[in-house]
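Here's the structure, in structure tokens; my notes come after.
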Amino acid sequence: MPLTSHRMSRVDTAWLRMDNDVNLMMIVGVWLLQPGITHAKLCERIEDKLLKFDRFRQKVVLDAMGASWVPDDGFDIQRHVLHATLQREPGQSEREALQALAGELANTPLDPDHPLWQFHLIDHYEGGSALVLRIHHCIGDGISLISVMMSITDGGMDTPKRKPRAEPEAEGDWLSDAVMKPLAELASKAVGLYGGGVGKAMDILSHPQQGLLGSLDMARTGAKVLGDVAAMALMADDSPTLLKGKPIGQKVVAWGEPMPLDQVKAIGRALNCSVNDVLLACVAGAIGAYLRSQGDDPTGKEIRAMVPVNLRPLEHAWKLGNRFGLAPLTLPIGIDNPIERVYAVRAGMNDLKNSYQPLLAFAVLSVAGLLIKPVQDGILGLFSKKATAVITNVPGPAVPLKFCGATLRQTMFWVPASGDIGVGVSILSYGGGVQFGLITDRRLCPHPQQIIDRFEPEFEKLVLTMMMLPWDEGA
């Protein structure tokens with residue numbers, strides 16, 4: 001069936017126009033494959049699997065009302081699947097050279113005259129191949145892109161077939177409508193989102209055809225929404241640290257070896273905390289230790305990280321587009337005791353679970369997508385003032401995958417940051433391990449590997465401290 005043009009959703013339009021001089025809205029990923037694959041095999045797989053998703057054959061055309069997805073009549077797969085050469089400086093390891101290449105590509109805009117994605121294949125990397133992926137955030141969020149990327153692996157499922165319809169993206173803004181309408185009517189009537197926070201709101205978000213004007217304690221819910229609006233508006237700017245400042249737009253990336261996920265789960269169970277609580281506590285500890293090593297004492301300080309919250313049912317993860325809100329999570333970088341730090345993170349996460357702030361952030365993005373870019377930049381600049389970092393945690397498959405006959409032995413990705421935020425932390429579980437990735441602005445953190453290398457020691461310190469607790473008296 002031939003490709004057709006259709007309007008881009010308001011939220012995706014906001015992400016499209018969020019590019020600035022220091023932060024490009026690209027998701028950058030790296031796959032390490034063993035043994036190596038050929039460029040011809042890679043192109044064949046992309047043709048056979050990825051291009052079944054229409055979005056990867058469509059370019060973006062801007063107009064006065066926003067943007068549209070339009071078929072690229074000049075589409076050429078050779079423009080999107082490239083061979084790259086790994087340049088190694090004297091004394092530089094292969095990993096350091098690959099990190100340098102990934103950082104350079106994170107600084108390089110995609111061609112706006114063609115679909116906004118590229119794959120870069122590097123031959124003979126550590127006896128196999130490396131693949132650097134670049135996809136603009138307007139195409140999809142982390143959950144949807146992980147689902148799409150898994151579909152192109154060996155044995156991956158094709159996208160579900162959908163019945164043709166007159167307006168392919170007619171439902172594209174249903175979620176923003178589900179958020180915007182009740183917010184607009186709060187002044188005149190108590191509007192409910194059926195319950196406490198994102199968890200219960202998912203029932204509505206999964207069934208947008210149901211009305212939002214319910215009878216379940218509307219006044220209480222309306223007051224909660226208004227309280228969250230006020231909390232977002234009155235939130236103070238983030239704590240000053242070396243990681244907070246004006247970036248220069250030169251990206252540096254880093255990653256380490258995966259940590260065993262079963263060990264993280266065991267610690268979480270022992271402390272009655274989630275895996276996320278444990279991992280984020282390690283992130284806070286690693287950042288605090290790094291700042292201390294740089295002479296920036298974090299004692300008594302907290303920093304905020306904007307955390308994406310998925311707003312779509314996971315069975316719809318294969319659908320492209322952005323369906324997530326943002327919530328500010330406090331990272332207790334000034335708490336040295338790892339047990340105390342875990343519980344501080346857990347308390348912050350519990351607050352977010354009972355908050356409408358992710359939905360409100362989605363509403364802000366919906367509005368921003370309708371406004372001219374300078375006004376959008378001003379609105380979204382408020383988010384960057386309130387936070388130091390962006391943190392994303394995406395669940396991947398539990399067993400190693402195959403791609404073009406090779407084993408995908410390690411995978412990592414880096415999230416883009418908006419405004420003047422200069423730090424992005426990515427956590428990805430894959431194949432029984434959990435992988436940390438870090439992307440920073442060279443001016444704010446020139447050596448992100450120094451933070452990455454502190455993640456595992458922070459986890460080991462947590463394990464050691466936990467073993468020393470008087471368990472007969474309880475944690």
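Numbering starts at 1 and runs along the sequence shown. Because the structure is a prediction, the values reported are computed rather than measured.
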Discussion item. Angle between ring planes, Phe436 versus Phe455, binned at 30° and 60°: parallel, tilted or perpendicular?
Written reply: parallel
Practice prompt. Test side chain to side chain contact (heavy atoms under 4.5 Å, CB included) on Glu126 and Arg409 and set out the steps.
Written response: CA-CA 12 Å; Glu126 294 183 349; Arg409 64 179 178 89; 2.5 Å; yes
Response to the item:
To the nearest 0.5 Å, atom CD of Gln435 lies from atom OG1 of Thr411 at 8.0 Å
Worksheet entry | Spacing of CD belonging to Glu302 relative to CD1 belonging to Ile333, to within rounding of 0.5 Å | 8.5 Å
Worksheet entry | Working for side chain to side chain contact (heavy atoms under 4.5 Å, CB included), residues Val81 and Leu121 | CA-CA 7 Å; Val81 183; Leu121 177 65; 5.9 Å; no
Discussion item. Give me the atom names and distance for the closest heavy-atom approach of Cys43 to Ile77.
Written reply: O-CD1, 3.4 Å
Discussion item. Could you check whether any side-chain N or O of Asn23 sits under 3.5 Å from a backbone N or O of Ile421, counting only pairs where one atom can act as donor and the other as acceptor?
Written reply: yes
Worksheet item: Taking all non-hydrogen atoms of both residues, which atom of Cys404 and which atom of Ile37 are closest, and how far apart?
Response: CB-CG2, 3.9 Å
Discussion item. I want to check something: taking the side chain as every heavy atom from C-beta on, are Leu320 and Leu145 in contact at a cut-off of under 4.5 Å?
Written reply: yes
Worksheet item: Looking at side-chain heavy atoms only, is the closest gap between Tyr125 and Leu33 below 4.5 Å?
Response: no
Discussion item. Would the distance check show the side chain of Asp238 and the main-chain N or O of Arg304 forming a donor-acceptor pair, the cut-off being under 3.5 Å?
Written reply: yes
Discussion item. Is it true that, when you exclude Asp76 itself, more than 12 heavy atoms of the residues, nucleotides or ligands shown sit nearer than 6.0 Å to its CG?
Written reply: yes
Worksheet item: Under the side chain to side chain contact (heavy atoms under 4.5 Å, CB included) criterion, do Leu243 and Tyr290 qualify, and how do the steps go?
Response: CA-CA 10 Å; Leu243 300 178; Tyr290 167 78; 4.2 Å; yes
Item to complete: Over all heavy atoms of both residues, which pair between Met306 and Ala387 is shortest? Give the atoms and the distance, please.
Response: CG-CB, 3.6 Å
Discussion item. Between Arg341 (side chain only) and Ile335 (backbone N and O only), is there a donor and an acceptor less than 3.5 Å apart?
Written reply: yes
Practice prompt. Answer yes or no: is there a side-chain heavy-atom contact under 4.5 Å between Phe53 and Ile139?
Written response: no
Item to complete: Check whether any side-chain heavy atom of Glu458 lies under 4.5 Å from a side-chain heavy atom of Leu462, and answer yes or no.
Response: no
Worksheet entry | Evaluation steps, side chain to side chain donor-acceptor pair (under 3.5 Å), between Ser274 and Asn276 | CA-CA 5 Å; Ser274 71; Asn276 277 349; 5.2 Å; no
Worksheet item: Atom CE in Met468, atom OG1 in Thr465: separation rounded to 0.5 Å?
Response: 7.0 Å
Worksheet item: If you measure from CE on Met25 to SG on Cys138, what distance do you get to the nearest 0.5 Å?
Response: 11.0 Å
Item to complete: Answer yes or no: is there a donor N or O on one side and an acceptor on the other, between the side chain of Arg346 and the main chain of Asn272, under 3.5 Å?
Response: yes
Worksheet item: Asn107 side chain to Lys251 main-chain N or O, any donor-acceptor pair under 3.5 Å?
Response: yes
Fill in: Partner of Ser68 by side chain to side chain donor-acceptor pair (under 3.5 Å), out of His6, Lys59, Arg7
Arg7
Fill in: Sub-4.5 Å side-chain heavy-atom contact between Leu16 and Leu116
yes
Practice prompt. May I ask you to decide whether Arg79 forms a salt bridge with Asp113, counting only side-chain N to carboxylate O separations under 4.0 Å?
Written response: no
Item to complete: Considering non-hydrogen atoms only, spot the tightest contact between Ala106 and Leu24 and give its length.
Response: O-CD1, 3.7 Å
Discussion item. Parallel, tilted or perpendicular: which one describes the rings of His39 and His83, with boundaries at 30° and 60°?
Written reply: parallel
Practice prompt. Would you sort out whether Lys402 and Thr407 count as a side chain to side chain donor-acceptor pair (under 3.5 Å), showing the intermediate values?
Written response: CA-CA 5 Å; Lys402 295 280 189 177; Thr407 298; 2.8 Å; yes
Discussion item. By the definition salt bridge (charged side-chain N to carboxylate O under 4.0 Å, His left out), identify the one residue from Lys244, Lys386, Lys246 that meets it with Asp420.
Written reply: Lys246
Discussion item. The test is side chain to side chain contact (heavy atoms under 4.5 Å, CB included); show your working for Leu280 and Asn393 and say whether it passes.
Written reply: CA-CA 9 Å; Leu280 291 172; Asn393 190 344; 5.9 Å; no
Discussion item. Treating Tyr430 as the side-chain partner and Leu401 as the backbone partner, does any N or O pair qualify as donor plus acceptor under 3.5 Å?
Written reply: yes
Fill in: Smallest separation among heavy atoms of Val22 and Gly419, with atom names
CG2-O, 3.6 Å
Practice prompt. Look at the side chain of Arg45 and the backbone N and O of Ile152, then say whether any donor-acceptor pair between them is shorter than 3.5 Å.
Written response: yes
Discussion item. So Ile46 and Trp117, do their side chains get closer than 4.5 Å, heavy atoms only?
Written reply: yes
Worksheet item: Going by heavy atoms in the side chains, are His80 and Phe56 under 4.5 Å from each other?
Response: no
Discussion item. I'd like to know if the side chain of Asn20 reaches the main chain of Ser418, judged simply by a donor and an acceptor atom lying under 3.5 Å from each other, with no hydrogens or angles considered.
Written reply: no
Worksheet item: Does NZ belonging to Lys301 count more than 12 external heavy atoms closer than 6.0 Å?
Response: yes
Item to complete: Decide yes or no on side chain to side chain donor-acceptor pair (under 3.5 Å) for His136 and Asp19, but give the supporting numbers first.
Response: CA-CA 10 Å; His136 199 284; Asp19 286 325; 3.0 Å; yes
Fill in: Under 3.5 Å: donor-acceptor pair, side chain of Asp72, backbone of Gln58
no
Item to complete: State the CZ-CH2 distance between Arg57 and Trp69, to the nearest 0.5 angstrom.
Response: 13.5 Å
Discussion item. Looking at every non-hydrogen atom in both residues, tell me the closest pair between Ile143 and Pro395 and how far apart they are.
Written reply: CD1-CD, 4.2 Å
Fill in: Check: Asp12 side chain, Gly321 main-chain N or O, donor-acceptor pair, under 3.5 Å
no
Practice prompt. Measure the spacing between CD1 of Ile27 and CG of Leu133 and express it to the nearest 0.5 Å.
Written response: 10.5 Å
Worksheet entry | Any side-chain heavy-atom pair of Cys445 and Val252 under 4.5 Å | no
